[in-house]
Amino acid sequence: MRLPVSLQRSIQLSSRAKGASHGRRYIQTTVNSDEINHFSRLSAQWWDEHGEFAFLHRMNPVRMQFVRDKIIETARDEHDESVTDEIGIKKDVLTGMDVLDVGCGGGLLSESLARLGANILGIDASESNIGIASLHSAADPQLSPSPPGSRSPSGSLSYRNIAAEGLLQEPRRFDVVCSMEVLEHVDNPATFLSTCAELVKPGGHLFLSTIARTPLSYFLTIFTAEYLLRKVSIGTHTYSKFVNPSEIVSFFQSYRSPLLTSHDAPDSSSFGRPWITRTYDHGLPTRTEAEVRGMIYVPWKGEWVLMPRSSTAWGATECNYMFWVRKPRE
Amino acid sequence: MSDARITFDTSESGAWGTSESTPMANMTENLNLQRALLRYMSHSPTVRLLDRVKVVSIDREDKEGGLGWPLVHLSNGTTLRTRLLVGADGFNSPVRSYAGISSYGWAYDTQAIVATLNHPERSQFELPNNTAYQRFLPTGPIAFLPLSPTTSSLVWSTKPRLASTLTKADPAVLASMINAAFRLPEVSVRYLHESILDAHDADKPLSHSQIMEEIAWRERSHDISRHSAYNSTSSVVSERGVPPDDSGSLPPLVTSIQPSTIASFPLRYNHTDSYIGEGAGSRTVLIGDAAHTVHPLAGQGLNLGLADVEALARCISSTVMQGGDIGSYTALLPYARERYFENHKVMSAVDKLHKLYSSTAEPVVWARSVGVEVLNELDSVKAALMMNAGAYGRKRNLGSGWDVIASGFSLATGVVNATKIIGGGMTGLLGVGLQSLSKTLNQTNSK
């Protein structure tokens, strides 16, 4: 499935992005087989909270907080206050939403999303990851499929061993697409981003988290975490694959999604408006279109902290960061 | 042993803008606390209370891949599979042994006697019965904690042999011994204890009249006036008359002990190595006495437990809002981080206090007596002490800065020889130890 390495990791993505994969005879994937082997080897450790993925376990509450806050914020922007006053204090903010978790790994994020009421599909290119994820969620009655007719407070959760590009061939689209800590592991991030973008319903949300390509991120995620402290297996991260927030923002400034015709088939000739139309002087998007927020690990607290919007021009995104963008309704 | 004393009065802490009428702390009987909790729970549709059942055993679900959840087997034959098992089951916590969490600590060679005491109402010339008293005897502190105008609680920590003798004795004997323990000089208190033990060993326990006679003789030989509040056997002060000048320095005279309220149990210092179960014992968390037990002399046991509950509830609630698994180690970690050191600080201060007061060595006695007299003159330090003792509902806005300073001072309580602790309101320093102790006791009894 893997294509020749001519898929160079240039982030000059805009021209290529429009061409996305529709109408091709084969499915082009952004899955890197070395990466898949690496994570398949480690798959048994997904749920060991002290092991290889301890940092991800600790990061999960912060990622979920960001998703939750953003969903509530958009609901507040769109509805009048009386409807949205209660949404802030209620748990199931994702009730009734179709959510896709691309690169779900052992299901850390998928399980949390399901508990907030989402109908969630977790996909991963590694078969052993899907095996671990399914086994783990089966032990949790909150997550197992509820008998038909009974209104379960939590949503439904299912997993599939498929690449995002494969899913694009199917008609199903999602209100929310999440892909956390995946972008820095794929080949050709531009194609990956446009694939994720196309899986989002109009007016839906795309959430990403990844690592910026800076000296600081090299020092923390590769030198310190992998070599110095040996908390993470050597080879987990590749510096050149890291993606800067400005690169994602500029991708979505030129990315236009193909418009659907009346027959629900994509029309290759017509495109919507770019996902990000306005930015401030320093290059940051406006709050209603997209958002970039830094995440920092505080060792003495043993916790990740989501940096406030205003901490620096780019919101302390020199290392780990979250990205949110909304698909135009058209 | 000296007569150095310190008083705590809530009006001295007015500097922090709290209303002067605010009590330092509130005392409540365990029964009332339980009743209030049960009433509250009955209004919550999500809480299911199982009564008249016991936990038979706890084991781990046998499942491939180490994903087993704790299974709690009940005496009515049902089994509960738990996402998170909270061990709030006291010092001998079965949840702790299931979780395989070890702990460190030591026994104090001390037994606590608890009882509910009856006494006459304070006269109109005296302050109402809302002052707690504590006397530090070398064998351990004896504390008198007001409940109502005519009843109060006793927490008397003493040597195990004496404790068992006193609890088996005629309740009238115990009542007289309590009165004497607050009033007589230490040398006579020690003599009384020795004679009651000797009589017990000789299988000829002293009768109430024999004890009264002995105490009366001691009072005469110490020149205690029959008009003084320190006189407990032959006082000529009539109940309705003008009280002696020194009546405020002492608790009211105990007239009798409420039937079947006398109990005793051993005291320990104990702190678990961790509050969260891991590996084979995962999905467990410990709170209250299951996680830590302290000497009751500063009445901090229940306070620590309540603070645990508050922190754990906050931790669980934020995890639920983020869709997390409340049984996971990561979800529980903020609770342990918030409470472990905080508890340790208070526990070691209480432990040091106990050790300091167990000593009868002259230099130690001199140092702590001077310390307590000095401290009694330092109003701001005392106010900080009172705040740390759990008064004023632990207002958050008082800030952690004060907390740190105040705990510094709680180590300084090492030099407090508090024969008496007076509060304008009810006194907190000793306040709530009793509830936590009797709670432990109830749990031990029910097992």
Side-chain angles (χ1 to χ4, degrees), chain A residues 43-51 53-69 72 88-94 99 106-118 120 131-132 134-143 153-155 157 300-304, chain B residues 45-46 48 60-72 79-85 99-100 273-285 311 313-342 400:
Chain A
S43 64
Q45 297 182 40
W46 274 113
W47 289 99
D48 175 3
E49 293 177 74
H50 305 284
F53 299 109
F55 280 104
L56 277 189
H57 279 276
R58 304 265 173 102
M59 190 192 274
N60 209 35
V62 178
R63 305 194 293 202
M64 288 301 297
Q65 193 61 48
F66 182 71
V67 171
R68 182 187 171 85
D69 289 351
I72 291 173
I89 51 163
K90 96 177 188 188
K91 174 178 92 103
D92 307 324
V93 292
L94 298 174
V99 180
L108 272 66
L109 185 80
S110 298
E111 288 195 2
S112 295
L113 291 166
R115 285 198 194 91
L116 295 193
I120 169 132
I132 291 289
S134 310
L135 186 68
H136 191 270
S137 69
D140 192 334
Q142 249 183 359
L143 303 170
S154 291
L157 171 62
W300 55 89
K301 285 170 91 181
E303 279 173 20
W304 288 84
Chain B
T46 48
R48 218 174 106 222
R60 185 154 155 264
E61 185 185 27
D62 191 19
K63 209 154 197 179
E64 209 184 330
L67 304 170
W69 290 16
L71 299 175
V72 180
T79 297
L80 305 172
R81 180 170 181 262
T82 61
R83 177 183 300 279
L84 173 61
L85 181 58
D273 293 339
S274 162
Y275 292 172
I276 312 172
E278 294 171 49
S282 58
R283 297 187 177 276
T284 54
V285 66
R314 210 168 347 102
C315 180
I316 288 177
S317 139
S318 80
T319 302
V320 165
M321 290 305 245
Q322 290 159 345
D325 178 352
I326 59 167
S328 70
Y329 179 83
T330 311
L332 297 167
L333 196 56
Y335 156 70
R337 278 191 181 253
E338 185 179 333
R339 291 306 308 161
Y340 196 89
F341 181 64
E342 202 59 33
S400 53

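Labels below follow one simple rule: chain letters A, B, ... track the order of the sequence lines, proteins then strands, and each chain is numbered from 1.
Between the CD atom in A:Glu49 and the CG atom in B:Leu332 there is a gap of 8.5 Å [rounded to 0.5 Å]. Atoms NE2 and OG, on A:His57 and B:Ser328 in that order, are 8.0 Å from each other to the nearest 0.5 Å. Between atom CZ of residue A:Arg68 and atom CE of residue B:Met321 there is a gap of 4.0 Å, rounded to the nearest 0.5 Å. Distance check: B:Thr330 OG1 to A:Asn60 CG gives 8.5 Å after rounding to the nearest 0.5 Å. The line from CD of A:Glu303 to CZ of B:Arg337 is 7.0 Å long, rounded to the nearest 0.5 Å.
Pairing each heavy atom of B:Trp69 with each of A:Pro141, the nearest pair is CH2-CD, 3.6 Å. For the residue pair A:Leu116 and B:Val320, the shortest heavy atom distance occurs at CD2-O, 3.8 Å.
Listed for the B:Gln322 side chain is no donor-acceptor partner under 3.5 Å among the backbone atoms of A:Met64.
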